[in-house]
Q: 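Dumping the structure here so I can ask a few things about it.
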Amino acid sequence: MAGVGFQRWVRALSKGRRPGFSALVPLCRAASGVSNNMLPGAYPKTPEERAAAAKKYNMRVEDYEPHPDKGEGFGDYPKLADRSQHERDPWYKWDHPDLRRNWGEPMHWDFDMLIRNRVDTSPSPVSWSTMSKQLLGFIGFMLFMFYLGGKFPVYQPVGPKQYPFNNLHVEKGGDPEKQPEEPKNYEI
Amino acid sequence: MADYREAPLATRPKTLDPNEYFNLSPEQRRAEEERAALRANLKRQYQQQLNNPHRKELIEDPALTRWVYARANPYTNFRPTKKTSLIGALFGVVPLFVLYYTFKTDRDRKEEQIKAGTLERKFSLSY
């Protein structure tokens, strides 16, 4: 049985009209999963293309706004507001609560940046100028003080180090027979 | 709350938007209703698949598939313009040369100092 199938396969390869590998691949395939017209495409130029793209992304035609066509690689992907998932209602019953997103909702181009572990675009409690002034002021002050401390060190008064054994005469390579006079490190 | 001013680079929350409460024209209401209808349709599809007792496989999200496809294939929609070429040159070509020259000159200077014996080997904590 397997031999028959193999023979037919070889015959298809040799007599078939499609070149190379496509001779082995069947002409029809199952219509499962995402079909090609559901995937993102090129920038929409006509109003019909815009309407079709809006329908594809589950948005209203008036809401749908593609990224400007500057050749940057966006295609017809919609330009959504740059708001992070922090700003979404925490009490609404999202389909995916950790991502605060519903199934089928169009995703922002930078969705992986806007998740709740990362960039937060929600309003801050204090204004930006106050925040920068406080942070940079503190850091600048601490850097300046450490610089001054390095310039003007303050420590307990110390004298020169005193070594035993005749100022380490033998250890420093001196002749053990000829010992010089003992150095006096004190004054009475 | 009347004098609330949002921080730059941040947004005003939707509940503090005065347009939510005043000036709701019929067009705006209709727009909100259409958006709600789209949302409800998606919710219905998801719930049907979620609660289907005969379902054995994962629920596939076409929006996620589209997002992944779009992020993975920017070059099909790429077009060399002034801006894109400039960015490509700035990030791809210039660093090669700049870094090469920086490191080379620094290393050469250090090598000369070592050979001349003038290199100061400090014990500083920062740098």
Side-chain angles (χ1 to χ4, degrees), chain A residues 32-35 38-43 54-63 67 69-78 81-84 86-89 93 95-96 101-112 120-131 143 146-147 150, chain B residues 4-16 27-28 30-50 57-85 87-88 124-126:
Chain A
S32 56
V34 172
S35 50
M38 301 277 279
L39 289 173
Y43 186 80
K55 189 160 188 315
K56 178 171 71 173
Y57 289 109
N58 292 318
M59 298 172 79
R60 284 174 71 235
V61 182
E62 295 85 356
D63 288 341
H67 287 264
D69 187 21
K70 291 193 203 145
E72 284 162 339
F74 290 108
D76 66 353
Y77 203 82
D82 285 335
R83 298 189 189 201
S84 86
H86 289 90
E87 294 192 24
R88 300 222 177 173
D89 189 356
K93 279 185 135 25
D95 291 338
H96 305 293
R101 181 182 165 267
N102 284 323
W103 184 87
E105 189 187 320
M107 294 169 85
H108 193 282
W109 182 268
D110 291 318
F111 181 78
D112 49 351
D120 182 3
T121 60
S122 46
S124 52
V126 192
S127 70
W128 194 263
S129 60
T130 317
M131 286 198 289
L143 280 174
F146 274 105
Y147 168 72
Chain B
Y4 174 85
R5 220 179 48 223
E6 55 276 77
L9 308 180
T11 52
R12 180 177 275 252
K14 197 159 188 249
T15 43
L16 284 181
E27 290 82 32
Q28 279 168 311
R30 197 162 302 124
E32 285 295 332
E33 273 172 35
E34 280 176 31
R35 285 182 205 127
L38 280 168
R39 266 200 305 267
N41 188 23
L42 289 171
K43 272 273 192 196
R44 184 182 58 84
Q45 286 179 29
Y46 180 64
Q47 290 292 328
Q48 276 185 330
Q49 285 178 290
L50 188 68
E57 63 278 332
L58 286 175
I59 304 178
E60 180 197 355
D61 188 354
L64 183 67
T65 317
R66 277 191 287 271
W67 179 73
V68 172
Y69 181 88
R71 284 285 293 261
N73 300 315
Y75 297 111
T76 47
N77 295 312
F78 176 79
R79 224 179 46 232
T81 66
K82 283 206 293 265
K83 182 177 170 194
T84 56
S85 319
I87 290 179
S124 55
L125 282 173
S126 57

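Residue numbers begin at 1 in each chain, while the letters A, B, ... track the order of the sequences.
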Q: Between Ile87(B), Leu64(B), Asn77(B), Asn41(B), which has the largest tally of heavy atom pairs under 4.5 Å with chain A?
A: Asn77(B)

Q: Please flag which part of His96(A) lies under 4.5 Å from any non-hydrogen atom of chain B: side chain, backbone, both or neither.
A: side chain

Q: Between Leu42(B) and Trp103(A), does the side chain to side chain contact (heavy atoms under 4.5 Å, CB included) criterion hold? Intermediate values first, please.
A: CA-CA 7 Å; Leu42(B) 289 171; Trp103(A) 184 87; 4.3 Å; yes

Q: Heavy atoms only, distances under 4.5 angstrom: which of Glu34(B), Lys82(B), Gln49(B), Gln45(B) has the most pairs with chain A? Name it, please.
A: Glu34(B)

Q: With only heavy atoms counted, which part of Ala37(B) is less than 4.5 Å from chain A, the side chain, the backbone, both or neither?
A: neither

Q: How about Arg44(B): does its CZ atom have over 12 heavy atoms from other parts shown lying under 6.0 Å from it?
A: yes

Q: Give, for atom CD of Gln47(B) and atom CG of Asp95(A), the distance between the pair rounded to the nearest 0.5 Å.
A: 6.0 Å

Q: Side chain of Asp61(B), backbone of Gly104(A): donor and acceptor closer than 3.5 Å?
A: yes

Q: Students often mix this up, so state it plainly: with edges at 30° and 60°, are the rings of Phe111(A) and Trp67(B) parallel, tilted or perpendicular?
A: perpendicular

Q: So which part of Tyr75(B) gets closer than 4.5 Å to some heavy atom of chain A, the side chain, the backbone, both or neither?
A: neither

Q: Return the CG to CG distance between Asn102(A) and Leu38(B), rounded to the nearest 0.5 Å.
A: 12.5 Å

Q: From Phe146(A) CZ over to Leu125(B) CG, what is the distance, rounded to the nearest 0.5 angstrom?
A: 10.5 Å

Q: Looking only at atom types and distance, does a side-chain atom of Arg66(B) sit under 3.5 Å from a main-chain N or O of Met107(A), one as donor and one as acceptor?
A: no

Q: To the nearest 0.5 Å, how far apart are CD in Glu32(B) and CZ in Arg60(A)?
A: 8.5 Å

Q: If you look at every heavy atom in Pro40(A) and Tyr69(B), which pair is closest and at what distance?
A: CD-CD2, 3.4 Å

Q: Go through Phe74(A), Tyr57(A), Trp109(A) and name the one with the most non-hydrogen pairs under 4.5 angstrom from chain B.
A: Trp109(A)

Q: So that I can tick it off, tell me whether Glu72(A) and Lys83(B) are bridged by a salt bridge, with the cut-off set at under 4.0 angstrom between side-chain N and carboxylate O.
A: yes

Q: How far does CG of Leu39(A) sit from CG of Asn73(B), to the nearest 0.5 angstrom?
A: 9.0 Å

Q: At a heavy-atom separation under 4.5 Å, does Lys93(A) approach chain B through its side chain, its backbone, both, or neither?
A: backbone

Q: Below 4.5 Å, heavy atoms only, C-beta onward: do Arg71(B) and Asp110(A) meet side chain to side chain?
A: yes

Q: Using 0.5 Å steps for rounding, measure from the CE atom of Met59(A) to the CZ atom of Arg35(B).
A: 9.0 Å

Q: Only pairs of heavy atoms separated by less than 4.5 Å count here; which of Asp76(A), Asp69(A), Asp89(A), Asp112(A) has the most with chain B?
A: Asp112(A)

